[in-house]
Amino acid sequence: MIRTRFAPSPTGYLHIGGVRTALFNWLFARGGGGQFVLRIDDTDRQRNVSEALQPILDGFHWLGIEWDEGPGVGGVNGPYYQSERSELYAAAVKVLLERGAAYRDYSTTAEVQAEREAAEREKRSFEYSRRWMAETDAQAMQFENKGRQAVVRLKMPRAGQCQFEDQIRGEVSFSWSQEQDHVIQRADGTCLYHLASVVDDHEMQISHVIRAEEHLSNTPRQIFISQSLGYDLPEYAHLPYVAEPGGKSKISKRKLDKYLKNPDFKRLCEHGEAIARAVAQESTADTFNPVIVDFYRKVGYLPEAVINYLLLLGWSLDDQTEEFTREEMLQHFSLQRVVKSPASFDPLKLLAFQERYMRKLPLEKKVSFVLPFLQQAGRISASPPCEIGSHVGKILEAAGDRVKVAGDILQFDEFFVDDEDLEYDEKSLEKRIRKPEKAVELLHAIKHQLASVEAFDACTLDQLLHDFVESRQIKIGQIIHALRVATTGKSVGIGLFDALEIIGREGCLVRIQRALDRIEVTRKVS
RNA sequence: GCCCCCUUCGUCUAGUGGCCCAGGACAUCGGAUUCUCAGUCCGAAGACAGGGGUUCGACUCCCCUAGGGGGUACCA
C-alpha cells in the first residue's frame, strides 16, 4: 500500500513550491491506489496554529488536493499535529539512548561552536569531540553537579558509507564521517524535526517519502535514526526545486524585489495588483504575491490551470502531451519521469495554461466564475437580478479570449456603469473624436440612424454601419473608432457591434450625446 | 572550507549509443486576417556548459574542469 505525506509548517500561507511537492505526493499516492496524509509540522511553534494553518488548508481545498488523513478528516494514525505527538518522540529518544545510538550531551552551544570554528580554522571537517558526552548515569551526574544541562545527540557512525536508492536520483552515497552528532532533543525535552519526522513517517506507515531536494543531505541522519529504531526504511524521492523566474535558486517569497526585475514576473504582479485594487482586496506584498498560491485564487485563475502548470514543472509524460485532466494525471504520473534539475517558474507559461482552460470553460460556468469578482468590485449588487447572468454571458461571449483570468472582467466596466456615469478617456476622446475633422458630424448622423434602426442587434448594426460608410464614401475606421470611444469611453475593447448591442439603444444614444456634449463644451471654452 | 545533487533553445521539456545537422510547448520576431485590443492562421530564428576518453558511431557511457543549487543549526 502506497502512503505518502506532506508536512507543512503553519506559516500562514501556501507556497507555490510546497504545492508542487504536495501535488506530486498526492498524485503518486492516489494514482497508485494509495493514500495521502497531511501532517502538520508545528513542533517548536508558539504562534496561533489554527490561524496560520487555515490558509494552507484553504489552498489545498481550492486546488482539489484532498487528504485521506489529517486535519479535518482525522484518521487512525492521528493525531496529525506534531505538537500533540511528543510522547512518541520522547519514547523514541529513550530507545535510541538505550541502544547507544544517542547520548546525553552536556556541552553548551558556545563550546560546540568553538570546536566547530577551530576545525574550520584548521581547515578540517568538524567532528564533535564528545567531551561532554555522558554514557553512564555516573558521568551524567558529574556534569549535572556542575550545573550543566543535557541535550540528546545522535551518536553517528564515523566510518563507512551511507548508501541509498533515491527514486529520482538513483544511487546516492554519503560518508558517515561527514555527518554531525545532531541534536534530537532539547534540554527542555522537546524534540527536533528529524527525529519527529522519522518517527511520524514510521508510525503513519509512510511508504514513500517524497520531498524537496533540500532534504537530500538530511537523509543519512534520518536513515541512521530509522535503522537504530529498527524501522524499515521508506522509499525516498527528492524533488528538484521550483526555482525563481529566470534563475536556478529556490523560489522564495522573501526575494520579490529581485523577481520584479524579471519583466514577466513584474507583469504578473501588476496584473494581480490591478485586480486586487479593483476588488478592494488588501494587496501587501507579504500576503499577496505570485509565490503564494492564494494570489491565483484572488486574481481569478482556474485551479485546474494552476495544477496542470505545476504538474509540468518538473515532470512530463512525453514530448507532446501538455494538457491533463485529473484522471489523466493520476493515471500517468510516475516518479521515474520527474526531472532531476530545478525548474524555474515561468509566469507566462502559467498564463498560457490559464487561457487554454478558460477557453474550454462552458459559458455558464464562466459566468458564475466571474460573478463574485464583479460583486466584490461593486460593479453589480451582492444579490443581482437574474438577468445579470445573461448580461455577463453576452459580455463574456463577446470578450472571448480577452478575459484571461476571472478578474479581467473588471476591465469591462463600461458595461456595468450607468450611462450617466460613464467616464471617457481623455486621450481617446482627443484622438478619435475631437481631432478627426468629420468625427463630430459623423457621430451626430450615426446617432440619428441608431435612434431609428428597427432592430438593435450586432448583426443589424454591422449592416447599418457598413451602409452608412458606403453612402458617405468614407472608410469604416472613420466612424468606428469615434463610435467606440463615444459609447464605451475607451479606444480598445470588444467588437464594436457587440458592444453596441450590449449597451442597448437607449444607452448608446445617451452616451453618444454625452460625448458630443463634452466636445462641444470644450470647443466653446477654447 | 567540506559534503551532496544538478547542467539540451530565453523558459518548461522530449531524447536511455545510430530513428537527432536534436522533437514539442510557452515566449520572441516576421507575414496574413480584423473596427481597436485580444485572438486565429502561416512562417522564421533559437539549445546538447567546456575538455578529454570509450566506441565503427555519442545529447546519450566514463573522467576532469567550469557553472548553478542545496546541506553543513538546540530551523523546518
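Note that the structure is a prediction, hence the values are computed from the model and not measured. Throughout, protein chains are lettered first and strands after them, A, B, ... in sequence-line order, and every chain is numbered starting at 1.
- Among the heavy atoms of the strands, none lies under 4.0 Å from A:Arg121.
- Place A:Asn218 and A:Tyr241 on RNA chain B by their nearest nucleotides, and A:Tyr241 ends up nearer the 5' end.
- The base-pairing partner of B:C56, taking Watson-Crick or G-U wobble contacts with both distances under 3.5 Å, is B:G18.
- Using a 4.0 Å cut-off between charged nitrogen and carboxylate oxygen, A:Asp408 and A:Arg402 do not count as a salt-bridge pair.
- The salt bridge (charged side-chain N to carboxylate O under 4.0 Å, His left out) analysis of residues 148-160 of chain A, with sequence neighbours excluded, yields the pairs A:Asp105-A:Arg153, A:Glu111-A:Arg148, A:Glu127-A:Arg158, A:Glu135-A:Lys155, A:Arg158-A:Asp181.
- Across all strands, A:Thr321 comes closer than 4.0 Å to no nucleic acid atom at all (heavy-atom distances).
- Proximity note for A:Glu322 (side chain, C-beta onward) versus B:C6, B:C2, B:A25: the nearest is B:A25.
- Nucleotides B:C12 and B:U7 place their P atoms 12 Å apart, quoted to the nearest Å.
- Side-chain proximity of A:Val339 to B:G71, B:U13, B:U36: nearest is B:U13.
- The side-chain hydrogen bond (donor to acceptor under 3.5 Å, both in side chains) with A:Tyr106 is formed by just one residue from the set A:Gln149, A:Lys146, A:Glu144; it is A:Glu144.
- Each of B:U40, B:C35, B:C37 was ranked by its minimum atom distance to the side chain of A:Phe497; first place goes to B:C35.
- Taking the P atom of each, B:G23 and B:U55 are spaced 30 Å apart, rounded to whole Å.
- Whole-Å rounding puts the A:His182 NE2 to B:A76 P distance at 12 Å.
- Taking only side-chain atoms of A:Ala343, from C-beta outward, the nucleotide of B:C12, B:U36, B:U11 with the closest atom is B:C12.
- Within the 4.5 Å cutoff, the side chain of A:Ile479 has heavy atoms near those of the A:Leu465 side chain.
- No more than 12 heavy atoms of other residues, nucleotides or ligands lie within 6.0 Å of CD in A:Glu423, so this atom counts as exposed by the packing criterion.
- Distance from the side chain of A:Ser316 is smallest to B:A14 among B:C5, B:A76, B:A14.
- Between B:C12, B:U40, B:A76, one nucleotide has an atom nearer to the side chain of A:Arg359 than all others, and that is B:U40.
- Between B:C2 and B:C62, the distance separating the two P atoms is 24 Å to the nearest Å.
- Using a 3.5 Å distance cut-off with no hydrogens or angles, the side chains of A:Glu304 and A:Asn308 do not pair a donor with an acceptor.
- The OH atom of A:Tyr89 sits 11 Å away from the P atom of B:A76 (whole-angstrom rounding).
- Side-chain N/O atoms of A:Arg169 and base N/O atoms of B:C5 include no donor-acceptor pair closer than 3.5 Å.
- Of the P atoms belonging to B:C19 and B:C61, the separation is 16 Å, rounded to the nearest Å.
- Pairing for B:C2 is with B:G71, a Watson-Crick or G-U wobble pair whose two hydrogen-bonding atom distances lie under 3.5 Å.
- Here the P atom of nucleotide B:U13 and the CZ atom of A:Arg337 are 12 Å apart, to the nearest Å.
- Nucleotide B:G39: paired with B:U33 (Watson-Crick or G-U wobble, both distances less than 3.5 Å).
- Within 6.0 Å of NZ on A:Lys94 lie no more than 12 heavy atoms contributed by other residues, nucleotides or ligands.
- One interatomic measurement links the two molecules: CD of A:Gln320 to P of B:A22, which rounds to 17 Å at whole-angstrom precision.
- Across all strands shown, A:Val403 has no heavy atoms under 4.0 Å from either base or sugar-phosphate atoms.
- Residue contacts for A:Leu496: at a heavy-atom cut-off of 4.0 Å it reaches a base atom on one of the strands shown.
- The separation between A:Leu310 atom CG and B:C12 atom P is 14 Å, rounded to whole Å.
- Using a 4.0 Å heavy-atom distance criterion, A:Gly493 is classed as a base contact.
- If you check every strand for non-hydrogen atoms under 4.0 Å, A:Thr109 touches a base.
- Between the C1' atom of B:A76 and the CG atom of A:Asp41 lies a distance of 6 Å, rounded to the nearest Å.
- If you take NE2 of A:His238 and P of B:C5, they are 12 Å apart, rounded to a whole angstrom.
- The same atom, P, is picked in B:A32 and in B:A25; the two are 23 Å apart, to the nearest Å.
- Under the Watson-Crick or G-U wobble criterion, with both distances below 3.5 Å, B:A25 is paired with B:U11.
- Side-chain proximity of A:Arg356 to B:U36, B:A76, B:A25: nearest is B:A25.
- As rounded to the nearest Å, B:C21 and B:A58 have C1' atoms that lie 14 Å from one another.
- Using a 4.0 Å heavy-atom distance criterion, A:Tyr193 is classed as a base contact.
- Across B:G53 and B:U72, the matching C1' atoms stand 34 Å from one another, rounded to whole Å.
- As judged by a 4.0 angstrom heavy-atom cut-off over every strand, A:Ile479 is placed among residues making no nucleic acid contact.
- Every pair passing salt bridge (charged side-chain N to carboxylate O under 4.0 Å, His left out) that includes a residue from residues 468-495 of chain A is listed here, sequence neighbours excluded: A:Asp413-A:Lys490, A:Glu414-A:Lys490, A:Glu441-A:Arg472.
- Nucleotide B:A25 holds its C1' atom 9 Å from the CG atom of A:Leu312, rounded to whole Å.
- Not a single donor-acceptor pair, N or O on each side, falls under 3.5 Å between the base of B:A27 and the side chain of A:Lys349.
- B:U34 sits 13 Å from B:C41 when the C1' atoms are compared, rounded to a whole Å.
- Listed nucleotides: B:A27, B:A76, B:C12. Nearest to the side chain of A:Leu348: B:A27.
- Nearest-nucleotide positions on RNA chain B place A:Ile480 closer to the 5' end than the other of A:Ala7 and A:Ile480.
- In a base pair of the Watson-Crick type (N1 to N3 plus N6-O4 or O6-N4) or a G-U wobble (N1-O2 and O6-N3), with each distance short of 3.5 Å, B:G46 is matched with no nucleotide.
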